[in-house]
Asker: 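Input: one structure, supplied below.
All values below were derived from every heavy atom in this structure, side-chain atoms included, with hydrogens, water molecules and symmetry-related copies excluded. All chains are named by letter (A, B, ...) in the order of the sequence lines, taking the proteins before the strands, and each is independently numbered beginning at 1.
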Number of protein chains: 2
Amino acid sequence: MNVVTPEISPSARDRFERMHAVIRTRICLLDYAPGTRLSEEALAAEFGVSRTPLRRVLARLESEGLLQSVHGVGTFVTDVDIAELAQTYQLRFELAELTGRLGAVAPDEALWADFRALSARSKEIVRAPEPKRFAELNMDFFMALQRLTDNEPLKDICEKLYFRTTRIWLKSVFESKIDLADEADIFDREIHDILRALEIGDLHAAAHIQRAHISMSFARMQNGFKTRP
Amino acid sequence: MNVVTPEISPSARDRFERMHAVIRTRICLLDYAPGTRLSEEALAAEFGVSRTPLRRVLARLESEGLLQSVHGVGTFVTDVDIAELAQTYQLRFELAELTGRLGAVAPDEALWADFRALSARSKEIVRAPEPKRFAELNMDFFMALQRLTDNEPLKDICEKLYFRTTRIWLKSVFESKIDLADEADIFDREIHDILRALEIGDLHAAAHIQRAHISMSFARMQNGFKTRP
DNA sequence: GCTCGTGGTGTTGTACACATCATTGTTCGG
DNA sequence: CCGAACAATGATGTGTACAACACCACGAGC
């Protein structure tokens, strides 16, 4: 997404996509933590538009489960209870396995380059853990992996579910319910394992590794909730 | 969240849901065939609201892939090419199997009653096939089946994918690329088989039957496209 | 006769003012 | 002193006028 987006085209749809991506990223990277109230007027001013087109973006984010608007009160970043999260995670790792079976494509040279860059970033974070960089890496790596499938509907669904759950997991990490250094280490190993599977051309295995890591990261998070209520 | 929603509350959200459901049904039942242009003004007048809230509904339908708005031209009911349809169908019958594994719940008495009514309607359609009634039955039966799972995210996804694909299949049927009488007969057998699986409590089997029928109906449709280009 | 330019018409997208709703602080009555 | 009604405030939702844009028909020029 947002490949080049020639800036000489401030068309309506492009503006929409840009605003949507920006706000979504802020929510998922916890710049807007769950429970935060978003000011329509302030956001509209920031993007240099009126409330009308901005509200369209917020409505979309609400349909994706990231926001909730209440008449007369405000629009808030949603939080999710552990029960709903469990269902979503269960679905997510089943879909990860599906991704390996349906429309898996071998990475091209550009993707390899991105993977190498991501791996390097991961090593750096392991040396010096930093919450924000870790969150960004996590998201960028997920988006890179998505380029391995050509089943568009499946890709869309996985993306939506990822954006819906990742901030909750990140919140757990940042609140030290999970140790950041440990998590960075584990994630670095995940990257390593998946890339090795990709190198020998076994996309199926890569998908299974991803599935396993999604499952385990949820389990760790659940433990975090149990030990520190 | 939305605990009781008393129906004496024509609140903003209820109006939205109602308009959304109505237009979506019209699209899926081919009252608005693919390619049709929808008039914002006419629809707004019909629902007794201004363009603003109606546009919110249309934007949602666009995000669900049922509409496409083009600046200065109009908003049109989308059509899908056979390639995209193949991917979606592949995903749909994989998800049908998933539904059997994840969060399957036994039907309660109310659902049994609905199933019996649906079965009766099916028998009637077999006797006297009628396109519109067949389409409605198909949709109602699907919605009833959805009540067998309690994994909300999965349910939402299956629903969206169903609404996205079913009108294309119905179009094939109505254009006589597929024989309506045959299709009614096959569908009646699907209902029969699934209900029998449910009666003995084998939700797993019911899901597999559904999966098989989704797969086969797509195959028949593909044949229809091949034999009559 | 053909082509290119140009205005007309109808559509979606935007800005802004106002209606509606929920919260909160205040004030009056007990 | 306490409680309830009420006005003030600020948020989202709606209505309306206007801008931006695309298509089409008409006509002037070559």
Asker: Under 4.0 Å, counting only non-hydrogen atoms across every strand here, what does B:E41 touch: a base, just sugar-phosphate, or nothing?
Answerer: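 Contact class for B:E41: none.
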Asker: Once you round it to whole Å, what is the distance between C1' of C:dC16 and CD of A:E40?
Answerer: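 So the CD-C1' distance, A:E40 to C:dC16, works out to 14 Å.
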Asker: Please report the distance, rounded to the nearest Å, between CE in A:M19 and C1' in C:dT14.
Answerer: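 After rounding, the reported distance stands at 11 Å.
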Asker: Can you identify which nucleotide, out of D:dT12, C:dT12, D:dA22, has its nearest atom closest to the B:V73 side chain?
Answerer: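 The nucleotide sitting nearest to the side chain is D:dA22.
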Asker: Regarding A:L58, tell me which of base, sugar-phosphate or nothing describes its non-hydrogen contacts under 4.0 Å with the strands shown.
Answerer: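 Answer is nothing: A:L58 stays at 4.0 Å or more from every strand.
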Asker: Check the distance between C:dT12's P and B:H71's NE2 and give it to me in whole angstrom.
Answerer: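 Nearest whole value for this atom pair: 10 Å.
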Asker: What does B:R15 touch in the nucleic acid at a heavy-atom separation under 4.0 angstrom: a base, only the sugar-phosphate, or nothing?
Answerer: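 The residue B:R15 makes sugar-phosphate contact but no base contact.
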Asker: Classify the nucleic acid contact of B:R56 as base, sugar-phosphate or nothing, counting any heavy atom under 4.0 Å across all strands shown.
Answerer: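 Since only primed, P, OP1 and OP2 atoms lie under 4.0 Å of B:R56, the category is sugar-phosphate.
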Asker: Give one of base, sugar-phosphate or nothing for A:L54, where a contact means two heavy atoms less than 4.0 Å apart.
Answerer: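 Since no nucleic acid heavy atom lies under 4.0 Å of A:L54, the category is nothing.
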Asker: Please compare B:S39 and A:G48 by the position of their nearest nucleotide in DNA chain C and report the one closer to 5'.
Answerer: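 It is B:S39, whose closest nucleotide lies nearer the 5' terminus.
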Asker: Between A:T52 and C:dT14, is there a side-chain N or O to OP1/OP2 distance below 4.0 Å?
Answerer: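 No.
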Asker: Over how many whole Å does the gap from A:D14 atom CG to C:dG13 atom P extend?
Answerer: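 It works out to 13 Å between those atoms.
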Asker: In terms of the nearest nucleotide of DNA chain C, which residue is placed more toward the 5' end: A:V70 or B:R37?
Answerer: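 Nearest-nucleotide comparison on DNA chain C picks B:R37.
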Asker: Name the residue from A:L111, A:D150, A:T149 that meets the side chain to side chain contact (heavy atoms under 4.5 Å, CB included) definition with A:V105.
Answerer: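 Going through A:L111, A:D150, A:T149 one by one, the side chain to side chain contact (heavy atoms under 4.5 Å, CB included) with A:V105 is satisfied by A:D150 alone.
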Asker: Rounding to a whole Å, what distance do you find between B:R13:CZ and D:dA11:P?
Answerer: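 Spelled out: CZ on B:R13 to P on D:dA11 is 19 Å.
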Asker: Base, sugar-phosphate, or nothing for A:T75, non-hydrogen atoms under 4.0 angstrom?
Answerer: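 Sugar-phosphate only.
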Asker: Would a distance-only check, ignoring hydrogens and angles, find a side-chain to backbone donor-acceptor pair under 3.5 Å from B:T78 to B:G65?
Answerer: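 Confirmed, B:T78 side chain pairs with B:G65 backbone.
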Asker: Measure CZ/B:R55 against P/D:dT16 and give the value in whole Å, please.
Answerer: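 Taking atom P of D:dT16 as the reference, CZ of B:R55 is at 16 Å.
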Asker: Atom CD of B:Q68 and atom P of C:dT12: how far apart are they, to the nearest Å?
Answerer: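 Between P of C:dT12 and CD of B:Q68: 13 Å.
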Asker: With a 4.0 Å cut-off on heavy atoms, is B:R51 in touch with a base, just the backbone sugar-phosphate, or nothing at all?
Answerer: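 Base contact - B:R51 has a heavy atom under 4.0 Å of at least one base atom.
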Asker: Thinking salt bridges, do B:R133 and B:D140 make one under a 4.0 Å N-O criterion?
Answerer: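 No, this pair does not count.
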Asker: Nearest to the side chain of B:P53, heavy atoms from C-beta on, is which of D:dG13, D:dA22, D:dT14?
Answerer: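 So the nucleotide nearest the side chain must be D:dT14.
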Asker: Got a salt bridge between B:E159 and B:R164, using NZ or NE/NH1/NH2 to carboxylate O under 4.0 Å?
Answerer: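 The answer is no: the pair does not qualify as a salt bridge.
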Asker: Are A:S63 and B:R60 linked by a side-chain donor-acceptor pair shorter than 3.5 Å?
Answerer: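 Checked: A:S63/B:R60 side chains show no N/O donor-acceptor pair below 3.5 Å.
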